[in-house]
There are 2 protein chains.
Amino acid sequence: MESTANGARTPRRRRAQGLSREVILDACLRLAAETAPDALSFRKIGKELGADPTALYRHFADKDDLLLSLADRVLARGMEGYAPSVSWVASLRDLMLRARAGFLEYPQVATLAALRVTRQEGELQFVEAMLAALHRAGFKGKDAARIHRACADFMLSWTGFSAGLLLLGEKSSQDDRAWVESYAGISVGDYPLAVASVSAMAEIPDDENYTFALELLLAGIAARLGVESLTEMNT
Amino acid sequence: MESTANGARTPRRRRAQGLSREVILDACLRLAAETAPDALSFRKIGKELGADPTALYRHFADKDDLLLSLADRVLARGMEGYAPSVSWVASLRDLMLRARAGFLEYPQVATLAALRVTRQEGELQFVEAMLAALHRAGFKGKDAARIHRACADFMLSWTGFSAGLLLLGEKSSQDDRAWVESYAGISVGDYPLAVASVSAMAEIPDDENYTFALELLLAGIAARLGVESLTEMNT
DNA sequence: ACCTGAACACCGTTCAAGT
DNA sequence: ACCTGAACACCGTTCAAGT
């Protein structure tokens, strides 16, 4: 990669020299950008680096360790360019959308690490920005902590879900077939509402669904504000 | 299991005779009730049945096929005893809680199948009950479909998340250690709010967190009702 | 018709050995 | 100090063979 001056055609393994956490993480992100289901195995990372797969154990305790660092990098990347808005709702919405979008650029990382807490720089940036927005709204202390946790885990769980759907890929289409087939064996008359709406529901893309649920959540938070302070109401 | 009359001490493998989808699914649920991380492999299911692991392929196309049937059974089990309330909010809340609780009795199934659509009996029961509650609230057609999808995927994604946490088990405790350790290397002064609330947030158990987020979501839906019909308002 | 068992192409991880 | 490579205990799945 550095100098392709001489014999550029032999695709044999580069010598693995100067591995480091940074170098390894970069290679992982290169692999994780793809939507292939198992792109992040040690063996594939090793090949990408031209190193023996087990060399990674010199720099990371185990796969979990690697994954947490990877997840934090991805979150931090999603936070790049974030600027708080004057509106706290707009800030919350922005954060909840950009964090998810950041993760979904690396679906592998999202599925594998969505339920882990990284406790590294990127996560702290996200938490601090969320809490700042909630403070501006008037939520403090324990109340702010509860709402932040609800929002963060809403985002993380749904992001893991979405990443899983992306990685399933073509299998989702198989699902559509199964849908039609499996209806044959079931007494459809018992489920009139479900049968009537089934295609309308299937049409909704996951992104739109997340956005819509997020708006419901934000409305719920806003409504809570009304209850708390009783000074201002928003429809 | 059927008759322990003679030689009950030899734990050698029962002969595998009369395997069927039903028999296999029962064995799977027995295994999946545990919190062991990899309890649902074909090899372990085979051992539980006293059959060769590959015998399962005679009854299920692949692991995915098995998982979908398993997931639908678990959902159906969660729906047992459901009775719609006069209050549509109470009905929605009940459905969103019982579906998750049903899945979490079989964490293996929940992690592996949360993002799949089963299109079998249990799922239809759930969808029908949700739509019925939404209709009673006054949501119809496309609007009901959108809200149902938001609710269902909120529940499914969070349930997959929760099941993952359960399966992580002791690793969560490791996280707590990591939390303290990793704070050493970071300039804490840059994240005052995050640092101040970190322990308050960590204390919130996942169940409570889900319940709280669910209330926010329900409040958001109720608020939307106000916008729609303009006839009745609820704080 | 149904079950078995060897085999294939994968996993994460450990450990003695090389340099 | 860092990387290698054989090995271990696992995966899901295929396929020829048994009964």
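Just so it is clear: chains get the letters A, B, ... in the order the sequence lines come, proteins before strands, and each one is counted from 1. What you see is a predicted model, and the numbers here were worked out from it, not measured in a lab. Note that these values count all heavy atoms, side chains included, but never hydrogens, waters or copies made by symmetry.
- Judged by distance alone, with hydrogens and angles left aside, the side-chain atoms of A/Q108 form no donor-acceptor pair with the main-chain N or O of A/L167 at under 3.5 Å.
- The aromatic rings of A/F154 and A/Y210 sit parallel, their planes meeting at an angle under 30°, below the 60° perpendicular limit.
- Each of A/L40 and B/H59 lies near DNA chain C, and the nucleotide nearest B/H59 is the one positioned closer to the 5' end.
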Give each protein N/O atom lying under 3.5 Å from an N/O atom of nucleotides 8-11 of chain C, with the pair distance.
from   : atom 1 : to    : atom 2 : distance (Å)
C/dC11 : OP1    : A/S41 : OG     : 2.9
C/dC11 : OP1    : A/K44 : NZ     : 3.4
C/dC11 : N4     : A/R43 : NH2    : 3.1

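- Of the inter-residue distances, the one linking B/D72 atom CG with B/F126 atom CZ reads 12.0 Å to the nearest 0.5 angstrom.
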Collect all protein-nucleotide pairs involving nucleotides 17-19 of chain D in which both atoms are nitrogen or oxygen and the distance is under 3.5 Å.
none

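- For the pair B/D52 CG and D/dC15 P, the computed distance is 16 Å after rounding to whole Å.
- Scanning DNA chain D for stems, defined as runs of 3 or more consecutive Watson-Crick or G-U wobble pairs whose donor-acceptor distances all fall under 3.5 Å, gives the following ranges: C:4-8 with D:12-16, C:12-16 with D:4-8.
- Here D/dC15 presents its P atom at 12 Å from OH of B/Y57, a figure rounded to the nearest Å.
- Taking a cutoff of 4.0 Å between a charged side-chain nitrogen and a carboxylate oxygen, B/R73 and B/D26 qualify as a salt bridge.
- Counting distance only, with no hydrogens placed and no angle test, the side-chain atoms of B/T54 and the base atoms of C/dG5 include a donor-acceptor pair under 3.5 Å.
- Between the C1' atom of D/dT13 and the CZ atom of B/F60 lies a distance of 16 Å, rounded to the nearest Å.
- For the pair B/D64 and B/R116, the salt-bridge criterion is met [side-chain N within less than 4.0 Å of a carboxylate O].
- Listed by chain and number, the residues in a salt bridge (charged side-chain N to carboxylate O under 4.0 Å, His left out) with A/E34 amount to none (sequence neighbours excluded).
- Using a cutoff of 4.0 Å between basic side-chain nitrogens and carboxylate oxygens, A/E215 and A/R93 are scored as salt-bridged.
- In terms of modelled atom types and a separation under 3.5 Å, the side chain of B/E48 and the main chain of B/K44 share no donor-acceptor contact.
- Screening residues 20-46 of chain B for ring-ring contact (aromatic ring centres under 6.0 Å, His included), with sequence neighbours left out, gives B/F42-B/Y57.
- One atom, NZ of B/K47, and another, C1' of C/dG5, lie 16 Å apart when rounded to the nearest Å.
- At distances below 3.5 Å, at least one donor-acceptor pair connects side-chain atoms of A/R98 with backbone N or O atoms of A/E80.
- In this structure, the CG atom of B/L67 is 10 Å from the P atom of D/dT13, given to the nearest Å.
- Spacing between atom CG of B/L56 and atom P of D/dG12 amounts to 10 Å, rounded to whole angstrom units.
- Counting only residues at least two apart or on different chains, the salt bridge (charged side-chain N to carboxylate O under 4.0 Å, His left out) pairs with a member in residues 202-211 of chain B are B/R100-B/D206, B/R100-B/D207.
- Rounded to whole Å, atom C1' of C/dC2 lies 16 Å from atom CZ of B/R21.
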